[in-house]
Structure formats: C-alpha cells, structure tokens
Novice: 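First, the structure itself, so that you have it in front of you.
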Amino acid sequence: MASKAPPRIFSPARRLAARRRALVAQRLPDAPHYLHDDMVEDVLDRLSFLRFEPKRALVVGEWTGILAAALTAQGVEVTQVEPAEGFDEEAPYPFEGFDLIASLGTLDTVNDLPGALVHIRKALAPGGMMIASFLSAGSLPVLRDVMLAADADRPAARVHPMVDVRAGGQLLQRTLFADPVIDQRPLQVGFRSLERLVGDIRAQAIGGVLADAPPVLGKAALSRAKEAFAAAGEDGRTVERFEILTLSGWRK
C-alpha cells in the first residue's frame, strides 16, 4: 500500500524565497540573529554537559557560521548546508555517517516533519546524536492578537501552526530516536514598533509561508494593527515571546 502523502500546509516556494531574503538581510552589519544565537549556545551547552565529542558534524540552516566555527575549533569536521541553497530536508540526505546533526530554525516549516526527522536519523552514524531547534507553539502571542485586531470580523491565517512539546515527543518516538529529550524555552524581546518586529521576523526567516497565503493588510487594517501593538506595550516598548523547542535523540 502506498504511503499517505503529508498534508500541504506550507509553500516550498514561499519558504525558499523567505530564507533567501533572510540570507541577504543577514549580510547587513546590524542584522538580528538572536534566535540563532540562542540555538547555537544551547547546542554547545548540551554537547559540553554530555561530554559528547563528535568527529563529524552536519549543521543545517545556521547562517551565522558561529556553530561551525566553534565545532571546528574543537577538532570536528563540519559540513554546512542551507535549505535556501538547495538542501532538501524532505528527501534522503546525499551523505551519512555523522556523529552529530544540528538543525537550527528550519524544521517548523517543512510539510513532512516526520519524514525530515527520519532522514536525519538515517544520516547519523550508529551512536550519533541529533539536536533540532525551531520555533514552537506559544510563539508570537502578541503578533497573533495584533493580526486578529487588524482583520477585525474577517480573520485570516497569518501565523502558521506550530509543534508543541507533546507533539515533539511523539515525533521522536515515531521516528525511532533513542533516549529522546524534548524541552521548550522562552526568549522575550522588546520592540519599539510593529515594523521592527516584522523586520526581525523576516530577517530571521520565521515569517508565514503558508500554502494558502493570506490577503495583504489594507491601510485601515494596518492602522488597527499598529494601534493594537502599541496598546500591548508599556513606555513605548512591546515585549514579544518566542518559544524555542529543542528535540534531541540518538541513533542506536
């Protein structure tokens, strides 16, 4: 019996375009990359805590180069790949035998997340470890409310659905990772304007890439959005929350 095709939630073309725009934005001297910085620090902390010293590592989607440089300094042979440059996370990897695969900020917008995790596990060497981090359920609560206020009585899907902790655990079990660990941590950031929040979202490729794109906000809707964003803050600053989910497991 043929396997059931995954649901088409995200647009691969929009996803690719968003990541390519972000790569351009990241070349600017003041580019925001605090989400990646947090994920990189977490990977290095986990490796240090576990005293795990991989010999070969694959780093997916980490455009700052900080993680690759840190691992290389520890004597690790590092391969870097980026979805915006043609690496397909929903297809079998063209290489294997890695002791560590770190995927940062990409898996939340693939249509076949279980399949992507299976490909990661198969690319690991026996005894190899996966660490995958991405935005998860509970992220961007202010933006969600602001968009509802903007759309008034005709709400549209503007923030895509996200995986929660429970679903993350089920995914690791389903894809046969050993000794799975699932955790979620918040990162709160203050913004002076809705435009700055949207700019940071785009520069870090975490914007909406739904297959069914929502309608563009008109002038009146944008005005309501700005008013709602300002009303959600204090002293000219509105705090938004990003929830980072990390899934880790081993190939035994």
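This is a predicted model, so every value here is computed, not measured.
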Novice: We want to know whether Glu62 and Thr64 form a side-chain donor-acceptor pair, criterion being a heavy-atom distance below 3.5 angstrom.
Specialist: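 There is such a pair (donor and acceptor under 3.5 Å, judged by atom type) between the side chains of Glu62 and Thr64.
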Novice: Can you tell me if Thr175 uses its side chain to pair, donor with acceptor, with the backbone of Leu171 under 3.5 Å?
Specialist: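 Side chain of Thr175 to backbone of Leu171, a donor-acceptor pair under 3.5 Å: yes, one is there.
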Novice: Measure the spacing between CG of Leu187 and CZ of Arg241 and express it to the nearest 0.5 Å.
Specialist: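 The CZ atom of Arg241 is 11.0 Å from CG of Leu187, to the nearest 0.5 Å.
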Novice: Can you see whether Gln184 engages Ser136 through a side-chain donor-acceptor pair at a distance of less than 3.5 angstrom?
Specialist: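 Yes, a side-chain donor-acceptor pair sits under 3.5 Å.
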Novice: With rounding to the nearest 0.5 angstrom, report the CG to CZ distance, Leu124 to Phe177.
Specialist: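 So the CG of Leu124 and the CZ of Phe177 are separated by 6.0 Å.
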Novice: Establish, from distance only, whether the side-chain atoms of Glu89 and Thr106 form a donor-acceptor pair under 3.5 Å.
Specialist: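 Their side chains do contain a donor-acceptor pair, which is all the 3.5 Å distance test asks for.
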Novice: Using only atom types and a distance under 3.5 Å, with no angle test, would you say the side chain of Ser223 pairs donor to acceptor with the backbone of Lys219?
Specialist: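 Here the side-chain-to-backbone pair does not exist.
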Novice: So, does Arg251 use its side chain to make a donor-acceptor pair with the main chain of Asp99 at under 3.5 Å?
Specialist: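 Flag not set: sc Arg251 to bb Asp99 has no pair under 3.5 Å.
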Novice: Taking the basic N atoms (NZ, or NE/NH1/NH2) and the acidic carboxylate oxygens, is any pair closer than 4.0 Å for Arg51 and Glu53?
Specialist: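 Salt bridge flag = no for Glu53 with Arg51.
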Novice: Which one of Arg121, Met130, Met129 satisfies the side-chain contact (heavy atoms from CB on, under 4.5 Å) criterion with Trp250?
Specialist: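 Going through the options one by one, the only one that passes is Met129.
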Novice: Please confirm whether the ring centroid of Phe87 lies under 6.0 Å from the ring centroid of Tyr93.
Specialist: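 Ring centres of Tyr93 and Phe87 closer than 6.0 Å.
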Novice: Quick one: are Leu23 and Arg19 in side-chain contact, heavy atoms under 4.5 Å?
Specialist: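 The answer is no, as the side chains (C-beta and beyond) never meet within the 4.5 Å cut-off.
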Novice: Once ring-ring contact (aromatic ring centres under 6.0 Å, His included) is applied, what residue pairs with a partner in residues 108-146 remain, sequence neighbours excluded?
Specialist: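 Every candidate ring-ring contact (aromatic ring centres under 6.0 Å, His included) pair involving residues 108-146 fails, so no pair, neighbours aside, qualifies.
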Novice: Is Asp151 paired with Arg224 through a side-chain N to carboxylate O contact shorter than 4.0 Å?
Specialist: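 Here Arg224 does not pair with Asp151 in a salt bridge, since their nearest N and O are not under 4.0 Å apart.
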Novice: To the nearest 0.5 Å, what is the distance between CG on Leu113 and CZ on Phe10?
Specialist: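 Between Leu113 CG and Phe10 CZ, I get 9.0 Å after rounding to 0.5 Å.
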Novice: Could you tell me how the ring of Trp63 sits relative to the ring of His36: parallel (under 30°), tilted (30 to 60°) or perpendicular (over 60°)?
Specialist: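 It falls in the parallel class, under 30°.
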Novice: Is it true that the NZ or CZ of Arg56 lies under 6.0 Å from the centre of Phe98's six-membered ring and within 45 degrees of the ring axis?
Specialist: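 Yes, cation above the ring, under 6.0 Å and within 45°.
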Novice: Does this structure show an ion pair linking Asp212 with Arg14, if we count only N-O contacts that are shorter than 4.0 Å?
Specialist: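 Looking at Asp212 and Arg14, the cut-off is not met.
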Novice: Contact between Ile244 and Arg185 at the side-chain level, heavy atoms closer than 4.5 Å - yes or no?
Specialist: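 They are in side-chain contact.
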Novice: For Gln26 and Ala203, indicate whether the former's side chain and the latter's backbone hold a donor-acceptor pair under 3.5 Å.
Specialist: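 At least one qualifying donor-acceptor pair exists.
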Novice: Any carboxylate oxygen within less than 4.0 angstrom of a Lys/Arg side-chain nitrogen, looking at Lys226 and Glu195?
Specialist: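 Salt bridge between Lys226 and Glu195, a charged N being under 4.0 Å from a carboxylate O: yes.
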Novice: When rounded to the nearest 0.5 angstrom, what is the spacing between NE2 in His33 and CE in Met39?
Specialist: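 His33 atom NE2 to Met39 atom CE measures 13.5 Å (nearest 0.5 Å).
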Novice: Under 4.0 Å between a side-chain nitrogen and a carboxylate oxygen: does that hold for Glu96 and Lys122?
Specialist: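 Salt bridge flag = no for Lys122 with Glu96.
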Novice: Just how far is it from atom CG of Leu194 to atom OG1 of Thr238, taken to the nearest 0.5 Å?
Specialist: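 Nearest 0.5 Å value for the CG-OG1 distance: 9.0 Å.
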